[in-house]
Amino acid sequence: MAAATAIPIAAQADTGSSGGVACTWATEMSPRTLDRINVAYPDTNAWYWIMPYDIGPDTTLTIKGRFPDARYISFNTYDSNRANFTNGAASALADYRITPDAGSANPWQQTSAPGGDYTITVRPDTHASDPNVLPLAPAGVTSGKGYLIYRMYMPAQTPDSSSLPQVTVTTKGVAHTYGSCVENSGGLRTQLLRGIQTLAEFVPGKMPSGTDFVRVAGAGAFPNGDNAYLVAGATRPADGKVVVVHAKAPTVPAGSSPSVWPRPGTDVRYFSLCNNESSVLGPVVYNPQPVGTADTGCRADSETRLDTAGFYTYVIADESQRAAVEAIPGATFVPWSAQHPGSTHILMLRNMLPADGFDSAIQRVAPGASAADTAARLGEYYPRSTVCDLNAVTTGTCA
């Protein structure tokens, strides 16, 4: 979600209930809600649930859940400005750092099936050495609003409300456990739409306008510190030509199920390329199809075709050219917006959780570095783009 993998949307809380929470995980952004909420450069292979809460010196959140069958999960708390912070402990907790409950196993820590139990505590007093804790608020902040986000990438099955973690809010010694507001059908309750923030809060961070890929530190609210991004501007060429993006792909875990991390021989946990419209809300390309489905502008690593040397070739083209692109060995089709084909687009390449020994991860590039310095740092992993006639891509003569 977002160039910071974020949803700058929050459901209004019932301030008359304990801890400012009426229910948990009230706002969902996912593939099934994309036709209604498409903001902040979302990755369409990810699911995001957001829960606002009231900050207090005597407020604690207890999160109890089961490790799901998914590529990645994480929990993050954010301050009133929807930013990460540190207060003793960092306000981010990725799956492989979560200690399982006694008698359970974490499948990102040891080879085991999903389904083990975990307990995470969000509290005012935290220390970096404490397991399974997140800070409730920045140091010195004793009132106001905070946010909890649960992220899941590439679930093996479609999540529903019954699979979401249970949250108990304890305020002044009184504990309340709340149900989820997310409907099993994936619909957003009408009253939650009141919680959409003002347009000004949706405005993403400034995106480069050039056609070469450079790193941005993040955009919009609710950044995910496990991700780093390269972005480039793109415009649909005339005369049926296409934009081609080519580079070596980092290695990733296979499939959607958890695997021990770090994993020898694996460069990053996940990567994707997304094509987004450059507008104030930062929507990803979303093209409804005649059969009732939709084609989005994101292609996850599992959807990316590689050649025998491990290189990808993304071809950004019209929906009418999809069949021709997919007939090209090693080529992966990425669509332009069918509704706004002439608008400027933003191409965004994500890397998640690089292995310590992978020196060509986007995370190794300083934000704001020039395209030349970025290319020199990443080498063959740097995405190079060009405009070609589709026939040239087919015949392998596209430079």
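Sequence positions, counted from 1, serve as the residue numbers for this chain.
- Side chain of S370 to backbone of D373: a donor-acceptor contact under 3.5 angstrom is found.
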From CA spacing to verdict: side chain to side chain contact (heavy atoms under 4.5 Å, CB included), W47, L164: CA-CA 11 Å; W47 297 64; L164 295 177; over 6 Å; no
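- A pairwise comparison of heavy atoms in L93 and N132 identifies CD2-CA, 4.0 Å as the closest pair.
- The CG atom of L136 sits 11.5 Å away from the CG atom of D79 when rounded to the nearest 0.5 Å.
- By the rule that hydrophobic residues join a cluster once side-chain heavy atoms approach within less than 4.5 Å of another member, V315 and L273 end up as members of separate clusters.
- Of all heavy-atom pairs between G56 and P124, the closest is O-CG, 3.8 Å.
- Rounding to the nearest 0.5 Å places CD1 of I120 at 10.0 Å from CZ of R97.
- A ring-centre distance under 6.0 Å is not found for Y72 and Y270.
- Side-chain atoms of N76 do not come within 3.5 Å of backbone N or O of I149 as any donor-acceptor pair.
- Between the side chain of R36 and the backbone N or O of R32 there is at least one donor-acceptor pair closer than 3.5 Å.
- Between the side chain of R299 and the backbone N or O of F333 there is at least one donor-acceptor pair closer than 3.5 Å.
- Nearest heavy atoms, P138 versus N87: C-ND2, 3.5 Å.
- When all heavy atoms are compared, the tightest approach of P42 to G282 is CD-O, 3.8 Å.
- We find the OG1-OH distance between T24 and Y150 to be 12.0 Å, quoted to the nearest 0.5 Å.
- Annotation for P57 and T142: closest pair CD-O, 3.5 Å, computed over non-hydrogen atoms.
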Test side chain to side chain contact (heavy atoms under 4.5 Å, CB included) applied to T235 and H345, step by step: CA-CA 6 Å; T235 303; H345 288 63; over 6 Å; no
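- Side-chain contact annotation: T251 with D267, donor-acceptor N/O pair under 3.5 Å present.
- A salt bridge does not link D389 to K241: none of the charged side-chain nitrogens sits closer than 4.0 Å to a carboxylate oxygen.
- Counting non-hydrogen atoms of other residues, nucleotides and ligands closer than 6.0 Å to CD of E380 gives a total above 12.
- One N or O on the side chain of H246 and one on the backbone of Y312 form a donor-acceptor pair closer than 3.5 Å.
- Here the side chain of S104 pairs a donor or acceptor atom with the backbone of D117 at under 3.5 angstrom.
- Note that CG of N106 and CH2 of W261 are 14.0 Å apart. Values are rounded to the nearest 0.5 Å.
- Around CZ of R322, the count of heavy atoms belonging to other residues, nucleotides or ligands within 6.0 Å exceeds 12.
- Proximity of a side-chain donor or acceptor of R384 to a complementary backbone N or O of A247 within less than 3.5 Å is not detected.
- Note on V141: it clusters hydrophobically with M51, by side-chain heavy-atom contacts below 4.5 Å among ILVMFWY residues.
- Inspection of the S385 and Y314 side chains reveals no N or O donor paired with an N or O acceptor under 3.5 Å.
- Looking only at atom types and distance, the side chain of K64 has a donor-acceptor partner in the side chain of T119 under 3.5 Å away.
- In terms of modelled atom types and a separation under 3.5 Å, the side chain of D359 and the main chain of R364 share no donor-acceptor contact.
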Verdict with reasoning, V285 to W336, per side chain to side chain contact (heavy atoms under 4.5 Å, CB included): CA-CA 7 Å; V285 166; W336 295 111; over 6 Å; no
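- Under a hydrophobic-cluster definition in which Ile, Leu, Val, Met, Phe, Trp and Tyr are linked whenever side-chain heavy atoms come within less than 4.5 Å, directly or via other members, Y382 and L306 are assigned to the same cluster.
- When ring centroids are compared, Y178 and Y53 stay outside the 6.0 Å threshold.
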Worked check of side chain to side chain contact (heavy atoms under 4.5 Å, CB included) between D35 and Y286: CA-CA 8 Å; D35 60 333; Y286 182 85; 3.4 Å; yes
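- We find the CE-OG distance between M152 and S163 to be 6.0 Å, quoted to the nearest 0.5 Å.
- Looking only at distances, a side-chain donor or acceptor of Q289 sits under 3.5 Å from a matching main-chain atom of N287.
- Note on V387: it does not cluster hydrophobically with V393, by side-chain heavy-atom contacts below 4.5 Å among ILVMFWY residues.
- Around atom CG of D356, no more than 12 heavy atoms belonging to other residues, nucleotides or ligands sit under 6.0 Å away.
- Between R350 and Y41 the shortest heavy-atom distance is NH2-O, 2.6 Å.
- Few gaps surround CD on Q110; more than 12 heavy atoms of other groups in view lie less than 6.0 Å from it.
- Environment of CZ in R66: sparse, with no more than 12 heavy atoms of neighbouring residues, nucleotides or ligands closer than 6.0 Å.
- In terms of modelled atom types and a separation under 3.5 Å, the side chain of T121 and the main chain of V133 share no donor-acceptor contact.
- The CD1 atom of I50 sits 12.5 Å away from the CD atom of E28 when rounded to the nearest 0.5 Å.
- Remark: the N227 side chain and the Y153 side chain contain an N/O donor-acceptor pair separated by less than 3.5 Å.
- Screening D95, N351, D301 for a side chain to side chain donor-acceptor pair (under 3.5 Å) involving R269 leaves a single residue, D95.
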